[in-house]
There are 2 protein chains.
Amino acid sequence: MTAKATDNTTWDSELSRALRDRGQRVTSQRLLIHRAFRELDHHASAEEVLAAVSPRLPNVSLPTVYATLDLFRELGIARRVSAGRGAILYDPRSEAHHHVVCRRCGKVEDLEARIDLSPAMSAAGRRGYAAENAELVLSGLCSDCR
Amino acid sequence: MTAKATDNTTWDSELSRALRDRGQRVTSQRLLIHRAFRELDHHASAEEVLAAVSPRLPNVSLPTVYATLDLFRELGIARRVSAGRGAILYDPRSEAHHHVVCRRCGKVEDLEARIDLSPAMSAAGRRGYAAENAELVLSGLCSDCR
DNA sequence: CTGGATGCAAACTCTTTGCATGCAT
DNA sequence: ATGCATGCAAAGAGTTTGCATCCAG
């Protein structure tokens, strides 16, 4: 396992501080879901996060994972990504990046590309939207499915 | 209604030709779903398309609408757009455009903005993907919800 | 005729909600 | 002590599948 104890304590205190700033409680579920999510360091479904947490803290429920990941989104720690099908992924908001999804097997990969989104942002502004987030998803067949 | 009979016959023959080219059958459901979809001329859910078709051809079922819209996607007539939540929208592929979705009320609007997606396309190519489609979705609060 | 397309219903997946219990504050 | 957070279960939304019937080719 590549996880370091120092990462955990750093992550723990970051999350604790963010929660306290909003007057929300610091629970072991939130801390451990946070650790698992940051260790995955990858777009992950609620199910995947649960699988990563369960060995360390049993009896964590899927609804709690959903609620917690959505809390992370509010805290700016995670982004929601709707990948192709109805599945929702949560992505640790590291640097701006985008995604490709295989239209056959559903696999999602990161795309490192610098795209100038300002025309879209200002178009949204003209429409009356306060655009907070931009999500670019390409789709096609991956090398395996082709 | 703004629909013109000429549009219908044009659309009908376009679709008929595309279907025959692929050895697929030209059915009244497909023709009428196609008309309704083109008349809507807007990102629409399967439910909306069904509502538009039903007055003209009763007993059309939702599964048929899904299958037909997905067929349109294969034919290049429609694009699938996953708008924020798990809902799937089908968008008539007119010109390249993108979308904003309100994160509170879920409303989806078109965004006319010319974005240079080539960096993402080539990044996808490097990953082994044959990228066929690009979908940019911004999210935020619309003027009503703000 | 004959097989692909349709309608109906049911299954399926993923996500959200309601409520009693528990724990952080 | 107080009430937000959790776990469980069940509901809910949206989409897909199975199968008998129907109709375009």
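In the text below, chain A, chain B and the rest are named by the order of the sequence lines, each starting its count at 1. Remember, it's a predicted structure, so these values are computed and weren't measured experimentally.
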B/Asp70 CG to D/dT17 P, straight-line distance once rounded to whole Å: 10 Å
Value in whole Å for how far the P atom of D/dT15 lies from CZ of B/Arg80: 8 Å
Closest heavy-atom pair and its distance - A/Val101, A/Gly106: CG2-O, 3.8 Å
B/Arg79 and B/Glu135 ion-paired at < 4.0 Å: no
Separation of D/dA5 P from A/Ile33 CD1 (nearest whole Å): 13 Å
Along DNA chain D (nearest heavy atom to each residue), the more 5'-positioned of B/Ser28 and B/Leu89: B/Leu89
Out of C/dG7, D/dA5, D/dC8, whichever nucleotide has its closest atom nearest the side chain of A/Pro63: D/dC8
Pair of N/O donor and acceptor under 3.5 Å linking C/dG4 base with B/Arg25 side chain: yes
Length of the CG-P vector between A/Leu31 and D/dA5, whole Å: 13 Å
Pair B/Arg35 + B/Asp7: basic N to acidic O under 4.0 Å: no
Between D/dA9 (P) and A/Asn59 (CG): distance, integer Å: 11 Å
Short side-chain N/O contact to D/dA24 OP1/OP2 from B/Thr27, under 4.0 Å: no
Rounded distance (Å) that lies between atom P of D/dT15 and atom CD of B/Glu48: 11 Å
Short side-chain N/O contact from A/Ser61 to OP1 or OP2 of D/dG7, under 4.0 Å: yes
Spacing of A/Arg22 atom CZ relative to C/dT25 atom P, expressed in whole Å: 15 Å
Exercise: do B/Arg30 and B/His34 side chains pair donor with acceptor under 3.5 Å: no
Presence of A/Gln24 side-chain N/O under 4.0 Å of D/dA5 phosphate oxygens OP1/OP2: yes
side-chain N/O B/Gln29 vs C/dA5 OP1/OP2, d < 4.0 Å: no
Atom pair NE2 (B/His97) and CG (B/Asp110), whose distance is rounded to the nearest 0.5 Å: 4.0 Å
Interatomic distance, B/His34 NE2 vs C/dA5 P [rounded to whole Å]: 16 Å
Short side-chain N/O contact to D/dG25 OP1/OP2 from B/Arg20, under 4.0 Å: yes
